[in-house]
Amino acid sequence: MGCRNRPLSGHNAPVTLTDDQIHEALSSILERRDPDVPATVLGAGSDDLGVGLRYLEALVDGGWMVPTWPVEHGGRGATDDEARRISAALGDYASADLYPYGVGISLVGPVLRDRGTPEQQDRWLRPIADGSEIWCQMFSEPDAGSDLANVGTRAVRDGDEWILTGSKVWTSRGAYSKWGMCLARTDPSLPKHRGLTMFAVDMHYPGIEVRPLVQVNGDRHFTEVFVSEVRVPDSDRIGDLGGGWGITIETLAHERASLGGRSFGGSDEDEGAVPGWLSGLAASGRLADAVARDRAMRAYVLDRVNRFTTARAAAAMAGRDGVPGPEGSGAKLRSVAAFKARAYLVKDLSGAAGMLDESSGHLAFLTAPSMSIRGGTDEVQRNIVGERVLGLPPEPRVDKDIPYSDIKKGR
Ligand SMILES: Cc1cc2nc3c(=O)[nH]c(=O)nc-3n(C[C@H](O)[C@H](O)[C@H](O)COP(=O)(O)OP(=O)(O)OC[C@H]3O[C@@H](n4cnc5c(N)ncnc54)[C@H](O)[C@@H]3O)c2cc1C
């Protein structure tokens with residue numbers, strides 16, 4: 001990532017800029033993108049927080065990272081159209097893998113702008129935009145993954161505080177987060193989707209224990225989090241009491257919308273250009289074989305279809321004032337299929353050299369299987385597309401109207 005040290009000035013005012021003005025301003029703080037530097041994917045293989053932090057620090061005074069947010073919260077009060085043009089322009093410059101900061105910027109930030117109190121927005125948005133505070137998503141539990149409404153972590157009111165007890169698992173970024181967006185059950189007498197509430201939990205509060213889960217690709221930020229009688233002030237409750245499920249749906253839709261895009265790597269390339277991974281394969285002579293060429297073209301087609309699907313989902317979202325919808329599940333499915341096809345092809349064509357850790361594409365190969373699980377599994381995305389996009393009959397949900405406390409549990 002190449003950030004220039006020149007301070008940003010004069011770009012704070014929420015004035016609509018032309019494309020030339022955007023490029024001029026960005027050129028004063030960022031280096032141009034080197035097309036030969038491959039994009040990294042979802043932070044895989046590195047827990048270095050410094051590169052992303054420096055990038056966000058360079059962008060925050062101009063409000064370039066989150067342009068639609070207000071100036072005082074690290075944005076520049078841009079219109080959606082200007083924000084899209086800024087996002088496109090940023091693709092021309094050297095960037096950083098913002099994976100560690102992704103939950104804050106892409107999930108918590110939009111939710112707080114929608115549902116947060118003015119005090120919460122003042123407290124949390126700017127540190128998200130400038131990278132000084134990292135957030136993680138504490139949704140999944142041992143008995144609540146695809147069936148997320150089954151969350152069992154309890155929150156019991158005690159005056160102006162809540163006492164949270166339970167355990168979370170698969171918490172990405174837990175190892176270095178300052179805040180966790182935590183879904184907890186505030187009323188077990190209600191059906192499972194209705195008795196849930198969202199909280200912001202300081203990961204350094206007494207009673208929080210974060211244990212690392214090392215992934216097959218070597219990532220060490222993945223964790224399980226034990227929550228033992230953790231006291232959270234009511235002022236850190238996000239949204240209404242009992243409104244946790246609505247926020248969860250909104251957050252997951254934002255997550256799928258963001259997973260379906262640039263973070264899967266390679267989508268900064270110019271429209272119509274041959275992607276780097278494909279020209280790299282051709283240059284290495286590995287496409288001399290007709291069968292290999294056929295597989296490469298299949299992966300390329302998936303890649304292109306993914307771009308169109310992602311663009312369609314983004315356009316649909318823009319038409320709803322930035323509110324993501326179920327089409328994000330289609331975009332996520334496409335992105336996963338394209339990513340896996342690419343990763344497995346590169347590995348297969350590496351021959352014996354592919355057995356070495358340092359072979360090209362090894363990290364992507366090890367990361368690929370998780371793509372079908374994180375952010376909701378492929379099967380669950382297909383259910384969403386079937387029910388909410390195609391209008392097919394819903395799955396039977398026998399425990400939907402039963403009080404959570406009466407549902408038979410696995411243990
Ligand atoms: C790399 C990674 C990062 C993650 N990061 C986070 C995070 O930061 N925060 C967080 O809260 N969670 C996170 N998760 C958890 C993730 O959201 C869950 O793993 C996922 O939702 C699946 O839940 P589960 O693991 O409990 O599997 P289960 O829900 O037990 O599913 C097991 C299998 O059954 C299938 N299945 C389940 N229900 C259905 C159905 N109705 N129809 C068809 N098939 C079904 C699933 O597709 C899957 O194949 C992460 C997971 C991974 C792998």
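We count ligands from 1, going down the list as the structure has it; atoms in each ligand are counted the same way.
Checking only distances, Glu379 does come within under 3.5 Å of ligand 1, N or O to N or O. Considering both main-chain and side-chain atoms, Glu141 never comes within under 3.5 Å of ligand 1 through any nitrogen or oxygen pair. Between Phe222 and ligand 1, no pair of N/O atoms sits closer than 3.5 Å. At least one N or O atom of Trp170, backbone or side chain, sits closer than 3.5 Å to an N or O atom of ligand 1. In terms of N/O distances under 3.5 Å, ligand 1 is not approached by Gln215. No N or O atom of Arg173 sits closer than 3.5 Å to an N or O atom of ligand 1. The N/O atoms of Arg374, backbone and side chain alike, include none that comes under 3.5 Å of an N/O atom in ligand 1.
Across Tyr101, Tyr176, Trp179, a single residue satisfies ring pair (Phe, Tyr, Trp, His ring centres under 6.0 Å) together with Trp135, and that is Trp179.
Scanning the protein heavy atoms around atom 17 (O) of ligand 1, the nearest turns out to be Ser140 OG, 3.6 Å. The closest protein non-hydrogen atom to atom 31 (O) of ligand 1 is Ser146 OG, 3.7 Å.
Each ring pair (Phe, Tyr, Trp, His ring centres under 6.0 Å) pair with one or both residues in residues 151-173, not counting sequence neighbours, appears once here: Trp162-Phe199, Trp170-Phe222.
Checked by atom type, the side-chain pair Glu224/Ser167 shows no donor-acceptor distance below 3.5 Å.
In this structure, the side chains of Ile128 and Glu133 stay at 4.5 Å or more apart for every pair of heavy atoms.
Taking every heavy atom of Gln137 and a limit of under 4.0 angstrom, the matching atoms of ligand 1 come to 7 (C), 8 (O), 9 (N), 10 (C), 11 (O).
With respect to the salt-bridge test (charged N to carboxylate O, under 4.0 angstrom), the residues Asp399 and Lys192 qualify. A salt bridge links Asp303 to Arg307: at least one charged side-chain nitrogen sits closer than 4.0 Å to a carboxylate oxygen.
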